[in-house]
Amino acid sequence: MHRIYDVIIIGAGPAGCAAARALARSGFYVGLFDKAIFPRDKTCGDALIPDAHHALKKLGLMERVAEISCRAQGMRLICFNGNTVLIRADSACVARIKLDELLLNSTVETGVEFLQGHEFARVVEEDEKTYRVEFDSGGRIVSARAHWVLLATGANAAPIDRAGLLLRAECKSFAVRQYVRNERLAKDIKELVFVFDQTVKGGYGWIFPGPDAIFNIGIGFFGAAHRHNNPRRNYEKFVAKVPLARDLMHGGEILSPLKGAPLRTGLSGTRFANGGLLGIGECIGATFPLSGEGIGKALETGMLAAEAITKNHQNDQSRAAVAQAYTRGINALQPKYEVYRKAEFLFNWPYLTNKLVARANKSENTRSKLEGLFNETSDPAFLLTVSGWMKILFSNR
Ligand SMILES: Cc1cc2nc3c(=O)[nH]c(=O)nc-3n(C[C@H](O)[C@H](O)[C@H](O)COP(=O)(O)OP(=O)(O)OC[C@H]3O[C@@H](n4cnc5c(N)ncnc54)[C@H](O)[C@@H]3O)c2cc1C
């Protein structure tokens, strides 16, 4: 294989597909490579929160995704003490095997060349304008050339290291999930349910209703918590103790084994760009701390990289200009990630989390601040300030 693409994208998940689609629509000749044979599954909670809705609209794909997903009526937080609050927000659930197939098909429709079964081996800078990327395809090394390379390989450290973007190998979070069909509960549960409970202290559990009465149920640990826990054992405790989870499992049909995967969160541990090679999606830690949601931000960072290339590729110093524009775009997201990362303390402070949910039920003001956090429409910093917590704990409004 000796083709020269404008852009080679490695990894055909949400980040890679978003970038490929956006670039191809702007007239670039794009090669999209993945080690897997599609349709392939990706261990995930399958929830589409507001940022994913926003990104899918921008990509012109929201209507097609709506057809295959189960729309939720918002997000319900269930607190340590059993109290609940409903957050109004665009939300839905669709199995990743279906979502990623749709994203890939809609990307190939734009003229992108897709090569599956190609595992990224290494990238070599041949000169100021060209990279050679080598892949292992069924035990044979094949190479392709391009002016730009986007790495979109997800949380696994090895390819990020091989591309020269890795600063720290460790992933900060870990989560497990399972599929369970329950026709009876599907009539009652219409929201994405997030559960805070002692069995998942340091993280949270979820119960997300998907199409065909199939629920995605799982738990995730964030920050240092995953190092001190055994997710499989905690999951067993979670489904044995939490009433809704117990109910789901009791009357349900288990459709899959429990599967786990690491999450690379907080936009930390990697460089975002190295010359004409940019990292997008979870490989640069674009998954949110606190929530572990990353589909929306994978799509968004893919589009940011596409925009940086589209606007700057004709510049005399185009590599530097693209890297700078892209890094600026990512840095603009940083403050939000910082708040989310710091707010992970809530997982370990049941008293405060209970108070927050109780307050949100009493006060429209607090509820809309919480909604602003999930909808990304307001500054989430109120969760980190003394005055913010004084209002949550003591205000009568
Ligand atoms: C248990 C769990 C639950 C989660 N729940 C949610 C949720 O409910 N909602 C949400 O928004 N996010 C969730 N996330 C996070 C979400 O899965 C990621 O943020 C998202 O998949 C990142 O997309 P991506 O395109 O960057 O990477 P990925 O989706 O991981 O795609 C990477 C692609 O690269 C390919 N690849 C990997 N290595 C190579 C290689 N060497 N060569 C070639 N190709 C390669 C892979 O085959 C894959 O297709 C969850 C994560 C976990 C682990």
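Both counts, for ligands and for their atoms, begin at 1 and track the order of listing. Heavy-atom basis, side chains included; hydrogens, waters and symmetry copies ignored. Residues: numbered from 1 along the sequence shown.
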Quick check: does any side chain N or O of S363 sit under 3.5 Å from a backbone N or O of A360, one acting as donor and the other as acceptor?
no
of all protein heavy atoms, closest to atom 32 (C) of ligand 1 is A152 O, 3.4 Å
Going by the order shown, which atoms of ligand 1 are within less than 4.0 Å of some heavy atom of A261?
53 (C)
Any non-hydrogen atom of R40 lying under 4.0 Å from ligand 1?
yes
Residue and atom name of the nearest protein heavy atom (relative to atom 7 (C) of ligand 1), distance in Å to one decimal
E293 OE1, 3.0 Å
Any chance NZ of K42 has more than 12 other-residue heavy atoms, nucleotides or ligands included, within less than 6.0 Å?
yes
Is it the case that over 12 heavy atoms from other parts of the model lie below 6.0 angstrom from the CZ atom of R232?
no
Within less than 4.0 angstrom of ligand 1, does A52 place any heavy atom?
no
I need the atoms of ligand 1 closer than 4.0 Å to a non-hydrogen atom of G281, numbered in the order shown.
26 (O)
Assess whether atom NZ of K190 is packed by more than 12 heavy atoms of other residues, nucleotides or ligands within 6.0 Å.
yes
Exercise: identify the closest heavy-atom pair between A305 and I280:
CB-CG2, 3.5 Å
Nearest protein heavy-atom contact for atom 30 (O) of ligand 1: which residue, which atom, what distance?
K42 CE, 3.3 Å
Euclidean distance, D197 CG relative to F238 CZ, rounded to 0.5 Å:
7.0 Å
Once rounded to the nearest 0.5 Å, what's the spacing between atom CZ of F221 and atom CZ of F174?
10.5 Å
Atoms in ligand 1 flagged as close to A175, the criterion being non-hydrogen separation under 4.0 Å:
1 (C), 2 (C)
Are any of the N/O atoms in A47 less than 3.5 Å from those in ligand 1?
yes
What protein heavy atom lies closest to atom 12 (N) of ligand 1? Include the residue and the distance to one decimal.
G294 N, 2.9 Å
Which of the atoms in ligand 1, numbered in the order shown and given with their element, are less than 4.0 Å from a heavy-atom of G154?
27 (O), 30 (O), 32 (C)
Just say parallel, tilted or perpendicular for the rings of F194 and Y204, cut-offs at 30° and 60°.
tilted
Does ligand 1 have any atom sitting under 4.0 Å from a heavy atom of F135?
no
If you measure every N/O of K35 against every N/O of ligand 1, is any gap under 3.5 Å?
yes
For atom 37 (C) of ligand 1, find the nearest protein heavy atom and state the residue, atom name and distance (0.1 Å precision).
T153 O, 3.3 Å
Does ligand 1 come near enough to I295 that some N or O of the ligand is less than 3.5 Å from an N or O of the residue?
yes
As an exercise, state the distance from CD of Q116 to NZ of K35, rounded to the nearest 0.5 Å.
14.0 Å
So, taking the atom named CZ in F347 and the one named CZ in F196, what distance separates them when rounded to the nearest 0.5 Å?
5.5 Å
Geometry only, no angles: is L263 polar-contacting ligand 1 at N/O separations under 3.5 Å?
no
Less than 3.5 Å between some nitrogen or oxygen of A15 and one of ligand 1, yes or no?
yes
Numbered atoms of ligand 1 (with element) below 4.0 Å of G11, judged on heavy atoms:
33 (C), 34 (O), 35 (C)
Could you list the atoms of ligand 1 found under 4.0 angstrom from a heavy atom of E119?
41 (N), 42 (N)
Got a second to check how far F28's CZ is from T310's OG1, nearest 0.5 Å?
4.5 Å
With atom 17 (O) of ligand 1 as the reference point, say which of Q178, R264, R96, E282 has the nearest heavy atom.
R96
Atom CD of Q314 with >12 non-hydrogen neighbours under 6.0 angstrom
no
Please test N216 against W206 for side-chain hydrogen bond (donor to acceptor under 3.5 Å, both in side chains), starting from the C-alpha separation and ending with a verdict.
CA-CA 8 Å; N216 183 315; W206 69 81; 2.8 Å; yes
Under 4.0 Å, counting heavy atoms only: does P14 come that close to any atom of ligand 1?
yes
Closest non-hydrogen protein atom to atom 2 (C) of ligand 1, residue and atom name please, with distance?
C44 CA, 3.6 Å
Shortest non-hydrogen contact between M75 and F374, atoms and distance:
SD-CD2, 3.8 Å
Ligand 1 N/O within reach of A36 N/O, cut-off under 3.5 Å
no
Distance to 0.1 Å, residue and atom name: give those for the protein heavy atom nearest to atom 5 (N) of ligand 1.
G45 N, 2.6 Å
Is K369 atom NZ crowded by more than 12 heavy atoms from other residues, nucleotides or ligands, each under 6.0 Å away?
yes
The answer for which part of F208 has a heavy atom under 4.0 Å from ligand 1 is side chain
of all protein heavy atoms, closest to atom 40 (C) of ligand 1 is F120 N, 3.7 Å
Taking both backbone and side-chain atoms of R177, is any N or O found less than 3.5 Å from an N or O belonging to ligand 1?
no
Inspect the surroundings of NZ in K129 and state if more than 12 heavy atoms from other residues, nucleotides or ligands are less than 6.0 Å away.
no
Please verify whether a non-hydrogen atom of T43 lies at under 4.0 Å from ligand 1.
yes
For H118 and ligand 1, answer yes if some heavy atom of the residue is under 4.0 Å from a ligand atom, otherwise no.
yes
